[in-house]
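In what follows, chains are A, B, ... by sequence order, proteins preceding strands, each numbered from 1. All values below come from the heavy atoms of this structure, side chains included, with hydrogens, waters and symmetry mates left out.
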2 protein chains.
Amino acid sequence: MSRYQAGIRTEAKIIEATRSLLARGGLEAATLKAICDEAGVKAGSFYNLFDSKEEAVIRVVRESIDAVDPDPDGAGTDSVDDLVTAFVRFFEEQPLMARVYVLAALNTEPSENGARKRFLRHHQRRVERFADAMIRSNSGERPDETEMNAELLLGALDGLAFRWSLDPTFELSRFAREAAKRLS
Amino acid sequence: MSRYQAGIRTEAKIIEATRSLLARGGLEAATLKAICDEAGVKAGSFYNLFDSKEEAVIRVVRESIDAVDPDPDGAGTDSVDDLVTAFVRFFEEQPLMARVYVLAALNTEPSENGARKRFLRHHQRRVERFADAMIRSNSGERPDETEMNAELLLGALDGLAFRWSLDPTFELSRFAREAAKRLS
DNA sequence: ATGTAATTGGAATGAACACTCAAAGTTGAG
DNA sequence: CTCAACTTTGAGTGTTCATTCCAATTACAT
């Protein structure tokens, strides 16, 4: 009943190859052929385990984002500053992965709702995290205002990250912190 | 010595076809074949007038952005509110064109500086416009703080627009105005 | 051991697409 | 009217890429 060990190992090799390629060369480098070569596997094996290339890419990007989460278990101990730091770290440490994330979100056709809804859910979870952290640190605040603030701060962070991706000399960290100061 | 009329007309037809396709279906719809069919022209004519497809696309996107400029002549009469309104209008009236703009900025390889530098220059001009408008409306402010504010506000607007592109029910206009209120 | 189900190899498919070229046609200045 | 410069044609090139197919092989439960 359980899965074959061989399949599990192959899947791990494919994911690792995809991660390595995305981190080194972005979406352009992660062609199916490159992934299979890097993993030492043929195309048939890939499609035995994944429905599409996109599936593997999305999984890797999601895992990369989770890897910098300051509170992966949802204990509710993260401050706004922790969250901003984690955000900045993701972009500074894995710039190509971040670019893949944004491209994947934009490239999904407006019609096909699957991928787009996933991104939206992820965004909304982040907004809630920020809002919770804001309430924790600053209890004398109206709840609707907090949500607005969280949405504005995340918007600012996304935009500043985009700005930084155009010009890596942009001081993302400094601006991100300043945005947090004024919007929470 | 002056250009042949035929070439000028063909160029106009190609630009118009490109604009129409980008507005209707985004980058995916604007293939070379589609552009040429729409313009009633063959591929060879296209390449007689343009060095690459990208050249035509960039021209159309730039013209679309200029078309919503509240102060195209640089008279210095635009307020922060005018600029925010123009920004929101561009996204709401030409969502696909806006998406093309962002994609084009992100898709350029980090190595090839040409296209990326163009986007950066455009961004910096926008920051200056915002900073000037801020100084005009609120003269008792330190200049370095103004620049920071302008950069933060534009970052927020870009990020909110991205947010909106994931979910068109997001009230871009309301959030954009709120961001302007808090960051200027 | 044996049969079934999972896995693998790797060639083949087929679609998409930007771009080129040489020959034929057109324009317009003098 | 003439001729060089310009423009158009449209088939053709070359490339990249994800995905499919299925026979051969291997893993695993009984």
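Along DNA chain C, the nucleotide nearest to B/A6 and the one nearest to A/A6 differ in position, and the one closer to the 5' end is contacted by A/A6. Nearer to the 5' terminus of DNA chain D, by closest-nucleotide assignment, is the contact made by B/F46 (compared with the other of A/S52 and B/F46). Mapping A/G44 and B/G40 onto DNA chain D by nearest heavy atom places B/G40 at the nucleotide closer to the 5' end. Nucleotides of DNA chain C nearest to B/Y4 and B/A30 differ in position, and the one nearer the 5' end is that of B/A30.
Distance NZ (A/K13) to P (C/dG9): 8 Å, rounded to an integer number of Å. When the C1' atom of D/dG10 is taken as reference, atom NZ of B/K33 falls 11 Å away, rounded to whole Å. Rounded to a whole Å, the OH atom of A/Y47 is 7 Å from the P atom of D/dA18. Rounded to whole Å, the distance from CD on B/E28 to P on C/dA18 is 12 Å. Between A/Q5 atom CD and C/dA5 atom C1' there is a gap of 15 Å when expressed in whole angstrom units. Taking atom CG on B/D51 and atom C1' on C/dA18, their separation rounds to 13 Å, with Å as the unit. One interatomic measurement links the two molecules: CZ of A/F50 to P of D/dT20, which rounds to 15 Å at whole-angstrom precision. The distance between atom CD1 of B/I8 and atom P of D/dA5, rounded to the nearest whole Å, is 19 Å.
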Query raised in the report: Does the pair B/S165 and B/F170 meet the rule for a side chain to side chain contact (heavy atoms under 4.5 Å, CB included), with working shown?
Result: CA-CA 9 Å; B/S165 81; B/F170 181 73; over 6 Å; no

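A/R99 contributes a side-chain N or O that, together with a main-chain N or O of B/L106, makes up a donor-acceptor pair within less than 3.5 Å.
OP1 and OP2 of C/dT7 both lie 4.0 Å or more from every side-chain N or O belonging to A/S45. Contact annotation: B/K53 reaches the phosphate of C/dA18 (side-chain N/O to OP1 or OP2, under 4.0 Å).
Of the listed nucleotides (C/dC19, C/dA11, C/dT8), C/dC19 has the atom at the smallest distance from the side chain of B/L32.
When heavy atoms are screened at a 4.0 angstrom cut-off, B/K42 is found touching base atoms of the nucleic acid. Among the protein residues, A/G7 comes within range of the sugar-phosphate backbone only, with heavy atoms under 4.0 Å from sugar or phosphate atoms but none that close to a base. The residue A/T31 sits close only to the backbone: its heavy atoms come under 4.0 Å of sugar-phosphate atoms, none of a base.
Under the 3.5 Å distance criterion, with hydrogens and angles disregarded, no donor-acceptor pair is assigned to the side chains of A/N149 and A/T146. For the 3.5 Å distance criterion, the side chains of A/H123 and A/E128 fail to qualify, holding no donor opposite an acceptor.
Note: B/Y101 and B/F90 fail the aromatic proximity criterion, with ring centroids not under 6.0 Å apart.
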